[in-house]
Amino acid sequence: MLDTLRRIVQDINATRDLSEALNLIVAEVKAAIHTDVCSVYMTDIGRDEHVLMATDGLRPGAVGKVRLKLGQGLVGLAATRAESVNVDNAPAHPAFRYIAATGEAPFHGFIGVPIIRRRKVLGVLVAQQREQRKYTADEESFLVTLAAQLAGCITQAEIRQGLDRLDSDVLSGTLFLGGVASARGIAIGEAVVVFPVAALERVPDKDIDDPDAEASRFRQAVASELAELQRLSERMRLLLAPGDRALFDAYALLLSSDSLVDGTLERIRAGNWAPGALRATVLEYANIFTEMDDPYLRERAADILDLGQRLLDRLREGQVTNRQYPDDTILMGEEISVSQLLDVPTGKLKGLVSVRGTDTSHVALLARGLGIPAVFGIGNLPPGRLNGREVVVDGYTVRVCIQPGPTLRQEYLKLIAEEAELSRDLQQLRDLPAETSDGHCLELQANSGLFADIAAARDSGVQGVGLYRSELHFFLRDRFPGEEEQATLYTRVLRIMDPRPVVLRTLDIGGDKPLPYFPIREQNPYLGWRGIRISLDQPDLFKTQLRAMLRAGTVYPNLSILFPMISTVGELSEALALLHQAQKELEEDGIEARIPQVGIMVEVPAAVYQIDKLIRMVDFASIGSNDLTQYLMAVDRNNDRVAKLYDSLHPVVLAAIHHVVGQVRAAGRTVSVCGEMAGDPAGALLLMAMGVDSLSMNLGSLLKIKWLIRSVRYDEAQALLTEVADFDSATAIRARVNGFLEQHGLGGLLRVGKWGH
Ligand code: PEP
Ligand code: MG
């Protein structure tokens with residue numbers, strides 16, 4: 001049975017559209033369980049009906065015509081109960097409905113299995129038998145397993161079908177595709193698809209007559225690519241620290257290395273044309289790297305292939321012509337590389353869509369840093385078919401809309417215009433304090449991690465950087481940065497913000513953020529080697545970072561240091577001891593560094609319940625609501641299957657945060673929140689009511705939250721907090737708080753559904 005199942009699923013995946021897939025299923029299932037009829041009914045939500053979509057055994061003419069009211073008949077019973085209905089004599093069952101059009105009078109044995117995806121019944125898979133027949137437990141579980149597989153296939157088939165529909169232009173439908181991660185904002189523009197994956201691998205060999213001319217064509221391509229890399233590196237200079245350009249330097253090095261260039265020239269001289277010679281050489285080298293034991297070197301194979309692809313593109317162009325991008329480019333691809341992103345001239349890049357990639361992919365970090373709306377992790381998207389189409393990137397709802405209809409398009413344009421207007425209006429608040437109408441003040445700070453956004457933060461009047469995610473720089477390099485390099489970097493960050501405070505967080509890798517050059521393979525990464533745990537186990541790396549931070553602090557005193565993922569008193573003692581040791585080592589080297597303000601992130605439940613002890617050891621606490629929610633609710637913050645359960649407004653999360661705020665303040669220390677909740681209007685309002693000293697958030701949310709704070713009274717917010725603390729769900733709390741915001745004329749802040757990421 002298992003083999004049959006596997007084969008059916010494979011066959012379905014190879015089909016081109018939904019009806020082909022369904023026809024195939026019914027035929028294959030009918031044969032597999034030796035039954036007289038197999039059919040699929042799909043739920044038509046708009047019309048509240050179950051529709052016969054495919055059958056092998058009933059009258060073919062009945063397809064699309066037989067419609068049962070939702071819940072009607074045995075099919076309806078399976079759908080409403082969301083469980084299998086298996087009866088040996090269907091006509092005798094009270095729920096049975098006779099429908100002449102199916103020609104099903106003579107059938108007795110019946111089994112209906114619901115097709116369910118994310119709690120929604122998409123349809124029912126039905127088998128029927130002329131004679132009375134009770135399907136065996138094995139057959140039933142075969143159908144149940146197949147239905148579960150089918151649920152996934154149907155949505156994939158639907159996507160493909162949607163695209164076919166757009167292609168045919170018969171119906172002007174709109175296709176929505178959901179992703180797993182995003183950079184906030186909305187953009188509308190023309191899809192420019194990049195990176196024809198594996199194109200290099202498909203280049204054929206071709207004999208040539210004039211190897212000299214071909215060799216010089218290749219040399220020219222190499223020279224122009226080198227010049228281009230130089231240009232890209234320059235452009236990066238404006239956005240990133242020098243070390244972040246390591247990728248481009250690595251490419252330039254590969255190009256100047258004899259092996260790649262000479263190998264290709266040799267093959268050209270032997271009579272192959274340049275693209276073929278390049279393919280053979282690049283694949284040869286990439287294979288050598290792929291087979292290496294060292295994971296870091298294995299990764300370099302991708303760089304060689306990427307570089308080979310770039311050279312091939314140059315050869316195809318024949319000369320140095322830069323690609324033309326429309327003014328409203330939405331860059332799309334299987335996987336978009338950093339260099340492809342930076343290839344688009346500034347001002348023309350409006351949005352990004354990538355089939356692969358998550359929250360922490362380089363390009364996601366960069367998009368966020370540059371404020372470009374993006375959606376990542378759109379499975380099943382065939383980018384090649386989307387070139388030139390109009391696309392909406394909705395980073396708030398983490399969706400992409402392809403070829404929006406006129407009404408939807410209008411709606412999105414309105415949203416973009418409103419966003420622009422809101423941010424223009426909000427600019428007036430730039431230099432005003434975040435103060436409620438009854439005089440309660442709190443500090444608003446920015447989360448940062450790149451130069452591009454830190455400079456923007458300074459220019460938009462923030463009171464400081466509440467969370468500087470130092471790991472972002474580690475991601476953009478191809479090795480651990482040394483002390484010198486880090487010291488330069490942190491000094492620059494502190495100088496940009498001086499005299500406003502900057503909280504530098506020590507390396508928080510692991511979990512969903514493994515460094516490419518420091519792979520960690522674990523069954524359960526979020527509960528594994530993460531954050532401070534890695535730092536304490538690798539004191540060499542940790543002290544290098546601490547020394548670099550302390551050195552930066554000797555030049556600019558606006559430094560604070562923050563330890564992530566603290567879960568025990570022991571960990572904090574060790575971290576503090578290493579900090580003092582780093583200071584002592586610097587002293588031995590003749591550098592007088594002082595210990596700055598030190599804080600802990602409260603993002604693990606264990607820290608919540610030991611906060612009274614932990615807080616006495618440091619100067620401040622910063623609540624990481626992203627992880628705290630994940631660990632309190634036992635919900636992986638990046639898993640879209642359980643995303644519904646992830647809400648920082650859950651009463652349990654609020655209670656935990658409230659407890660921490662109370663304890664920290666009682667100990668006379670300061671407390672801030674730096675998770676996404678701080679930039680969520682409802683979250684920010686409740687956090688303020690709890691009495692936090694500061695909120696640190698993405699820059700894009702900052703003025704909106706300032707507007708919110710300036711529009712409400714503190715005592716009213718406190719009363720609201722008391723009221724909702726007793727509610728039993730996040731949904732109820734969100735509804736009530738959003739209602740409050742609407743009443744205060746802040747509905748404009750709620751327009752977008754998702755504030756996370
Ligand atoms: C958090 O967990 O809330 C946080 C701010 O840290 P990060 O999102 O970087 O894990
Ligand atoms: Mg965290």
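Just so you know, ligand 1 is whichever comes first in the structure, and atom 1 is the first atom listed for that ligand. No experiment lies behind these values; they were computed from the predicted model shown.
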Answer yes or no: is there a donor N or O on one side and an acceptor on the other, between the side chain of Asp619 and the main chain of Val598, under 3.5 Å? yes
Applying a heavy-atom cut-off of 4.0 Å, say which part of Met601 lies close to ligand 1: side chain, backbone, both or neither. side chain
Please assess Asp680 against Arg734 for the test salt bridge (Lys or Arg N to Asp or Glu O under 4.0 Å), listing each intermediate value before the final yes or no. CA-CA 11 Å; Asp680 166 14; Arg734 196 169 281 285; 3.1 Å; yes
Identify, by atom number and element, the atoms of ligand 1 in contact range of Glu603, meaning under 4.0 Å from any of its heavy atoms. 1 (C), 2 (O), 6 (O)
Pairing donors with acceptors under 3.5 angstrom, does anything connect the side chains of Tyr396 and Glu419? yes
For ligand 1, which part of Leu467 has a heavy atom less than 4.0 Å away: the side chain, the backbone, both, or neither? side chain
So that I can check it, does any N, O or S atom in Asp508 come closer than 2.8 Å to the Mg ion (ligand 2)? no
Applying a 4.0 Å heavy-atom criterion (strictly less than), which segment of Arg530 is in contact with ligand 1: side chain, backbone, both, or neither? side chain
Aromatic rings Phe518 and Phe480: how do their planes relate, parallel, tilted or perpendicular, breaks at 30° and 60°? perpendicular
Of the non-hydrogen atoms in Leu699 and Ala446, which two are nearest, and what is the gap between them? CD1-CB, 4.2 Å
Would you mind telling me if ligand 1 is within reach of the side chain of Ile623, the backbone, both or neither, using heavy atoms under 4.0 Å? neither
Donor-acceptor under 3.5 Å (Glu571 side chain, Ile566 main chain): no
Asp627: its N/O/S atom lying closest to the Mg ion (ligand 2) (atom name): OD2
Do any N or O atoms from the side chain of His744 and from the backbone of Leu746 form a donor-acceptor pair under 3.5 angstrom? no
For Asn447, is there any backbone N or O sitting under 3.5 Å from a side-chain donor or acceptor partner on Arg469? no
Arg710 side chain vs Pro433 backbone, donor-acceptor pair below 3.5 Å: yes
What's the atom name of the N, O or S in Glu603 nearest to the Mg ion (ligand 2)? OE1
What atoms in ligand 1 come closer than 4.0 Å to a heavy atom of Cys674? 5 (C)
Min heavy-atom dist Met697 to ligand 1 below 4.0 Å: no
Using a strict cut-off of 4.0 Å, indicate which atoms of ligand 1 neighbour a heavy atom of Asp508. 10 (O)
Test your reading of the structure: does Asn626 have an N or O sitting under 3.5 Å from an N or O of ligand 1? yes
If we only consider heavy atoms of Arg505, is any one of them less than 4.0 Å away from an atom in ligand 1? yes
Suppose we measure from atom 8 (O) of ligand 1 to each protein heavy atom; which comes out shortest, and what is that distance? Arg637 NH2, 2.7 Å
The option among Asp627, Thr629, Val673, Leu628 carrying the non-hydrogen atom nearest to atom 10 (O) of ligand 1 is Asp627
Under 4.0 Å from a heavy atom of Gly624: which atoms of ligand 1 are those, numbered in the order shown and with their elements? 1 (C), 2 (O), 3 (O)
Looking at Ile561, is its backbone amide N or carbonyl O close enough to the side chain of Arg505 to form a donor-acceptor pair, meaning the two atoms are under 3.5 Å apart? no
